[in-house]
Number of protein chains: 2
Amino acid sequence: MARDAAARGPTIRDVAALAGVHPSTASRALDASLPGRIAEPTASRVRAAAHALGYVPDPAARSLRTRRSGLVGVVIPDLTNPVLAPIVQGVEETLRAAGFGCLLADTDNDPAREEAAIADLEARRCEGLVIATARRRSAAVERLAKSGPAAVLVTRGLDTGALPLVAADDAQGVAAAVRHLAALGHRHLAHLTGPRDLSTTVRRARAVRESAKALKSSGVDVVVRHGAGFTIADGHRLARALLSAHPEVTAIVAGNDMIALGCLDAMAEAGLRCPGDVSLVGHNDMPFVDRLEPALTTVAIPQRALGVRAAEVLLGRLAGETVAAEPLVLPTELVVRRSTAPPPAARRS
Amino acid sequence: MARDAAARGPTIRDVAALAGVHPSTASRALDASLPGRIAEPTASRVRAAAHALGYVPDPAARSLRTRRSGLVGVVIPDLTNPVLAPIVQGVEETLRAAGFGCLLADTDNDPAREEAAIADLEARRCEGLVIATARRRSAAVERLAKSGPAAVLVTRGLDTGALPLVAADDAQGVAAAVRHLAALGHRHLAHLTGPRDLSTTVRRARAVRESAKALKSSGVDVVVRHGAGFTIADGHRLARALLSAHPEVTAIVAGNDMIALGCLDAMAEAGLRCPGDVSLVGHNDMPFVDRLEPALTTVAIPQRALGVRAAEVLLGRLAGETVAAEPLVLPTELVVRRSTAPPPAARRS
DNA sequence: AGTCTGGTGGCAATCGATTGCCACAGATGG
DNA sequence: CCATCTGTGGCAATCGATTGCCACCAGACT
């Protein structure tokens, strides 16, 4: 009974017949990019016929002929990371408004799955790719600069800069975080972050180092530690090790909010209070971190705007525009909440 | 320079030529569902040729001929609702493993956009639809029971039951919540929830009422209030009104975790402590509610499993199986954390 | 009056894979 | 020795929309 899926809809031939014209005329009449190609009386007759029949062009047939699929692939590392939701939303909304469909692929942070996902999306003839999973050097992603569909990276860029990147101005945000902590009186900072093969990691780590160096005359120093990933568990491990190895540290700048969450766990475990004993700054301002205990001070990135801009850059490329080689950098902002405070007086060195 | 996208890949004709066979033979040799149709030596020659050329069949051409697109549409109300992320992940992973691509559509909780999204997904010839946005009576969704691609609903069902539904056993979870509160000593409960046109809302509300009624002999009563949506703001409004109109209420069962968050805001505003003054139970156990202050007691639903099962049911339908008319109900579990406690003695009636 | 031009619309090829039907060869059996 | 059968592969139609090219017509200009 559920076999009647073969009920095919009307074709352009049906429309043409009803309107009393040739199929090619019907096709042109319905093509909005050809204004005036078909005389108005004829065109409106065709439109009326199409409407009467409920005609919807077959995308497969159209795609076969035009070599365009109307599809864009969106490759993300982990949908359950709340920071990605607004980004994907921005991408989807912008692309949909432009008539593209979004094929979603979650790689679970696995390079092998990323490569498979890109291959699959290519096989499906996506016209463009929005990639949020890129590692600094990734053969699969780099190849897209040479062949394959147009690709735009969000947040995570390539060392070679071979593909357009839309990212937040992490450096500025992180520098603000370091200055904020220094101004509160902290002198021994730590930066706990993710793996070195992600551009976000190195950008943020470099910014932490540089802004600490700029404050060296005030006695500020920083220890940087890299973990295997950007997860709560990674943050937990990193912070546990740090707190025992470097008891002098009174403030942590986390590589992202997930790591910050892990830091909170480690502090609780060690009997340290935040911000009483150790201050903490996150990164990304993902949803709900303002409702944590303590509400997290963090570097806010324009999540939705990142998605929107990435989609816009992609649309530009698809329209033939040449994109700037420089990454498109969107402003960040340090959001000060309750997880940062002056260091405990007793510890002050 | 970015204009060489016309570089078409090899076609089955090229493969056939290289293997020295007819294209139709090549097609059959590459079709895994036709074992033995082509003699093994020939078939392996074709496979070698395909591999050597890096042949990838053109989905448009295949789709045109076979009337199958390999696409499934996923319609969700709001990607930034964390409860959806694991569901979508489960759907995507299961569908991908079965060879389908996921076209994502976010409706922003807007029925008009839902209808548009469904129409678009149909126009793109999706073979199936996973819909998480259904209202109890929705012409656009109901029509899918009669025509259009196979559809499966997640979480939110239709009154008519015309489409298969995969949902959590809310009734059981909510009943456990009510019993938990009653056991703690609460007598005046409230249920603050979403709009009546969502099946989840009525399921949960009914379960609250019924389990309260079962405890009526113990003096338990409940007031139920419906809001416009399932957002934090809705919860906030609802709770503010409730707390002033019903000061006797000492425990709130929220329709979902977002509403619970809003309740927390309203309590803070009213100078009430949770759980000191008012206890609170959420629903869904979305990510991070265990890290709130206070950690939220909530009804956990098997989020990822819901997505997986929904995808499996859809795959079954696509394979021609007849699906049960009864909704597929997955077990829930009350997760007791810190937002529930005995009522303040002073208030006890 | 003849030719040119611009505006419309039709014709047919084309995109690439699939599949119903047919043909041929070799094997089997009567 | 012929008829039938089975296994293998080829032929050509087909899916539906698009588009390069051509044809026709009316009006305009010389």
Side-chain angles (χ1 to χ4, degrees), chain A residues 5-47 49-50 53-71 99 122-125 127, chain B residues 5-47 49-50 53-71 99 122-125 127:
Chain A
R8 292 192 282 277
T11 73
I12 195 146
R13 241 174 287 271
D14 302 321
V15 174
L18 181 56
V21 299
H22 191 272
S24 66
T25 305
S27 173
R28 284 191 268 250
L30 263 16
D31 184 341
S33 74
L34 295 175
R37 180 63 183 76
I38 298 295
E40 188 44 41
T42 312
S44 70
R45 217 165 63 240
V46 172
R47 281 194 296 269
L53 260 31
Y55 169 72
V56 178
D58 185 315
R62 164 177 290 174
S63 171
L64 178 59
R65 178 66 220 237
T66 63
R67 318 296 317 165
R68 281 181 289 105
S69 63
L71 260 24
E122 261 186 280
R124 290 179 190 276
R125 301 290 193 271
E127 293 179 54
Chain B
R8 292 192 281 276
T11 74
I12 194 145
R13 241 174 285 272
D14 302 322
V15 174
L18 181 56
V21 299
H22 192 270
S24 66
T25 305
S27 174
R28 283 191 269 252
L30 262 17
D31 185 340
S33 73
L34 294 175
R37 180 63 183 76
I38 298 296
E40 188 44 42
T42 312
S44 70
R45 218 165 63 242
V46 171
R47 280 193 296 270
L53 261 30
Y55 169 72
V56 178
D58 184 317
R62 163 178 292 173
S63 172
L64 178 59
R65 178 66 222 239
T66 63
R67 318 295 317 168
R68 283 180 288 104
S69 64
L71 258 24
E122 261 186 281
R124 289 179 192 277
R125 301 289 193 270
E127 293 178 53

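Model, not experiment: these values are computed from the prediction. As a basis for the values below, the full set of heavy atoms in this structure was taken, side chains included, without hydrogen atoms, waters or symmetry mates. Just so we're on the same page: letters track the sequence lines, and every chain starts at 1.
Taking the screw axis at each terminus of the helix from C:dA1-D:dT30 to C:dG30-D:dC1 from five consecutive base pairs, the angle between the two is 60° to within rounding of 10 degrees.
Nucleic acid contact class of B:Thr42 (heavy atoms, under 4.0 Å, all strands): sugar-phosphate only.
The two residues B:Ala29 and B:Ile38 come nearest to each other via the heavy atoms N-CG1, 3.9 Å. Smallest separation of non-hydrogen atoms from A:Ile12 and A:Tyr55: N-CE1, 3.4 Å.
By the side chain to side chain contact (heavy atoms under 4.5 Å, CB included) test, A:Ala123 is found to be paired with B:Val56, residues two or more places apart in sequence or in another chain being considered. Partners of B:Glu122 according to the side chain to side chain donor-acceptor pair (under 3.5 Å) rule, which considers only residues two or more places apart in sequence or in another chain, are B:Arg143. Judged as a side chain to side chain donor-acceptor pair (under 3.5 Å), and not counting sequence neighbours, B:Arg45 has no contacts.
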Cut-off 3.5 Å, no hydrogens considered: what does the side-chain donor-acceptor table look like for residues 14-27 of chain B, sequence neighbours left out?
residue: B:Asp14; atom: OD2; partner: B:Thr11; partner atom: N; Å: 2.8
residue: B:His22; atom: ND1; partner: B:Ser24; partner atom: N; Å: 3.0
residue: B:His22; atom: ND1; partner: B:Ser24; partner atom: OG; Å: 2.9

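Counting only residues at least two apart or on different chains, the side-chain hydrogen bond (donor to acceptor under 3.5 Å, both in side chains) pairs with a member in residues 60-69 of chain A are A:Arg67-B:Asp58. A salt bridge (Lys or Arg N to Asp or Glu O under 4.0 Å) check over residues 28-44 of chain B, counting only residues at least two apart or in different chains, returns the pairs B:Glu40-B:Arg47.
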What does nucleotides 15-21 of chain D look like as a protein-contact string, B for base, S for sugar-phosphate only, - for none, at under 4.0 angstrom between heavy atoms?
BBBBBBB
